[in-house]
Chemist: 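Mind having a look at this structure? Questions to follow.
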There are 2 protein chains.
Amino acid sequence: MTRSQRPMRADAQRNRAHVLRTAADAFAVEGLSVPVHEIAKRAGVGTGTVSRHFPTKEALYAAVLLDRMGELSGYADTLATEHDPGTAFFALFTRLIQEGATHRGLAEALAGSGFDIEAAASAAGCNVSDRLRRLLTEAQAAGAVDPAVTFADLKALTAGCLAYDGPDPDRVIEVICRGLRPVSG
Amino acid sequence: MTRSQRPMRADAQRNRAHVLRTAADAFAVEGLSVPVHEIAKRAGVGTGTVSRHFPTKEALYAAVLLDRMGELSGYADTLATEHDPGTAFFALFTRLIQEGATHRGLAEALAGSGFDIEAAASAAGCNVSDRLRRLLTEAQAAGAVDPAVTFADLKALTAGCLAYDGPDPDRVIEVICRGLRPVSG
DNA sequence: GAATAATCGGGACGACTGTCCCGGATACGA
DNA sequence: TCGTATCCGGGACAGTCGTCCCGATTATTC
């Protein structure tokens, strides 16, 4: 329980990070059905290495998702400090939908396994939901977003949105964002 | 090639229809990962029965999807004759998103297997895409939908949309529909 | 530089799923 | 009512995937 029970060996850290990146890419491109053996092969490590860092496949899902949420949290913080509320909100929201498109399925698979991703993210200090909620409130106060829009609406729009990766995915986001703006313009 | 090579036996027809309904429910509730054995058990038939009517699991996917498309086509035709273009368009679009939420994954799984669902639907005379395209054109002519919206946009919005089944999914659809209407109101 | 403990690689095992097959049962036509 | 072709049930088989384990290797510490 002493916080430094022992630092991870350097090569182990490298391997873990590399596997995580490889898994993220594989899941994004081919979905969750990619075998663990295949991820290990692509990462250039043995299956045992993957198994040790991530005891089950679900643990691998969770780690990938937490990693992305950490990155998104940083992006959200940057936006909040560098832009006005409306701009920041729409930028984050757009990014979340794009991420949701890529990593759809992932959160879903975890939800079905009794893993609370929100709680895990909060514990890690990278809760994206809280940041989006705050930006929504601020953007509405600034008149950039329709006051009738609720946080639940946003969750619904981002949570499982947009598998279609056609020629022009940005058009879709544009349509949705237009629906969020105040009616008067 | 004589068109009545032999009608299917009555019990076989019943079984086929029952398996199809059971499979549709199972896929909708639990996703595509439901084993064929499980579907057979729930339908109260043996695995051989499922296997004969639908030689592979993909054939089962395709049959379920074609069945839904047939129903949706009928709905589209009803709407087109009983309502004005704008109303009919939004009603069909809403329904398509709801269906897309339920049977997401399905079309996707088929697309990855070289099965052309659009062509199959056209052959069966139940091409929903064509009906949606026509309604879009008419609704735009009637001033109910923004002229800048393209059919590709609609496909993107419906194709893989909305896995989230929270407390109020209709709000999501409302937001999207508002984004489709003309800017002037 | 050597001892030690952590980590690695990849094969093995068990569980699961899709597909096929065969003896028994049943609906259809005469 | 009876014969026959069709269909049904469920067990068997093969392939795949997730997980675990062991001997070899390598980073870390003294």
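So you know, we letter chains A, B, ... as the sequences are listed, proteins then strands, and number each from 1.
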Chemist: Could you tell me whether the phosphate oxygens of D:dC7, OP1 or OP2, come under 4.0 Å of any side-chain nitrogen or oxygen in B:Asn15?
Modeler: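 Negative; the distance criterion is not met.
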Chemist: Find the distance B:Arg16:CZ to D:dT6:P and express it as a whole number of Å.
Modeler: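 It is 18 Å, rounded to the nearest whole Å.
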Chemist: Just the rounded figure in Å: distance from C1' of D:dG9 to CG of B:Asp11.
Modeler: 13 Å
Chemist: Would you say B:His53 places a side-chain N or O within less than 4.0 Å of OP1 or OP2 belonging to D:dC7?
Modeler: no
Chemist: Show your working on side chain to side chain contact (heavy atoms under 4.5 Å, CB included) between B:Leu135 and B:Phe93 and close with a plain yes or no.
Modeler: CA-CA 10 Å; B:Leu135 276 179; B:Phe93 184 68; over 6 Å; no
Chemist: Step by step, would you call B:Asp25 with B:Thr22 a side chain to side chain donor-acceptor pair (under 3.5 Å)?
Modeler: CA-CA 5 Å; B:Asp25 289 349; B:Thr22 305; over 6 Å; no
Chemist: Any idea which of C:dT7, C:dT19, D:dG9 is nearest the B:Arg52 side chain?
Modeler: D:dG9
Chemist: Check the distance between C:dC8's C1' and A:Phe54's CZ and give it to me in whole angstrom.
Modeler: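 Interatomic distance, CZ of A:Phe54 to C1' of C:dC8: 15 Å.
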Chemist: Return the residues of residues 34-48 of chain A meeting this criterion: a heavy atom under 4.0 Å from some atom of DNA chain C. Order them by number, or give none.
Modeler: A:His37, A:Gly44, A:Val45, A:Gly46, A:Thr47, A:Gly48
Chemist: Ignoring hydrogens and geometry, is there a side-chain-to-backbone donor-acceptor pair from B:Glu138 to B:Phe89 under 3.5 Å?
Modeler: no
Chemist: If I take atom CE in residue B:Met8 and atom P in nucleotide C:dC28, what distance separates them, rounded to the nearest angstrom?
Modeler: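 These atoms are roughly 13 Å apart.
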Chemist: If I take atom CZ in residue A:Arg14 and atom C1' in nucleotide C:dC8, what distance separates them, rounded to the nearest angstrom?
Modeler: 13 Å
Chemist: What is the distance, to the nearest angstrom, from the NE2 atom on A:His18 to the P atom on C:dC8?
Modeler: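 Taking NE2 of A:His18 and P of C:dC8, I get 13 Å after rounding.
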Chemist: Which of these nucleotides, C:dA27, D:dG9, C:dG9, is closest to any side-chain atom of B:Thr49?
Modeler: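 Among the listed nucleotides, the one closest to the side chain of B:Thr49 is D:dG9.
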Chemist: Main chain of B:Pro7, side chain of B:Gln13: is a donor-acceptor contact present, judged purely on distance under 3.5 Å?
Modeler: no
Chemist: Does B:Tyr75 have B:Arg131 sitting over its ring (NZ/CZ under 6.0 Å from centre, angle to axis within 45°)?
Modeler: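 The answer is no; the distance or angle limit is not met.
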Chemist: Give a yes or no on whether a donor-acceptor pair under 3.5 Å exists between the nucleobase atoms of D:dT6, that is its base, and the side chain of B:Arg9.
Modeler: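 In this structure, the two groups form a donor-acceptor pair.
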Chemist: Walk me through it: do A:Leu154 and A:Leu180 pass the test side chain to side chain contact (heavy atoms under 4.5 Å, CB included)?
Modeler: CA-CA 9 Å; A:Leu154 297 183; A:Leu180 293 175; 4.1 Å; yes
Chemist: Counting side-chain heavy atoms from CB outward, which of C:dG18, D:dA5, C:dT7 is closest to B:Lys57?
Modeler: C:dG18
Chemist: Got a second to check how far B:Met8's CE is from B:Asn15's CG, nearest 0.5 Å?
Modeler: 10.5 Å
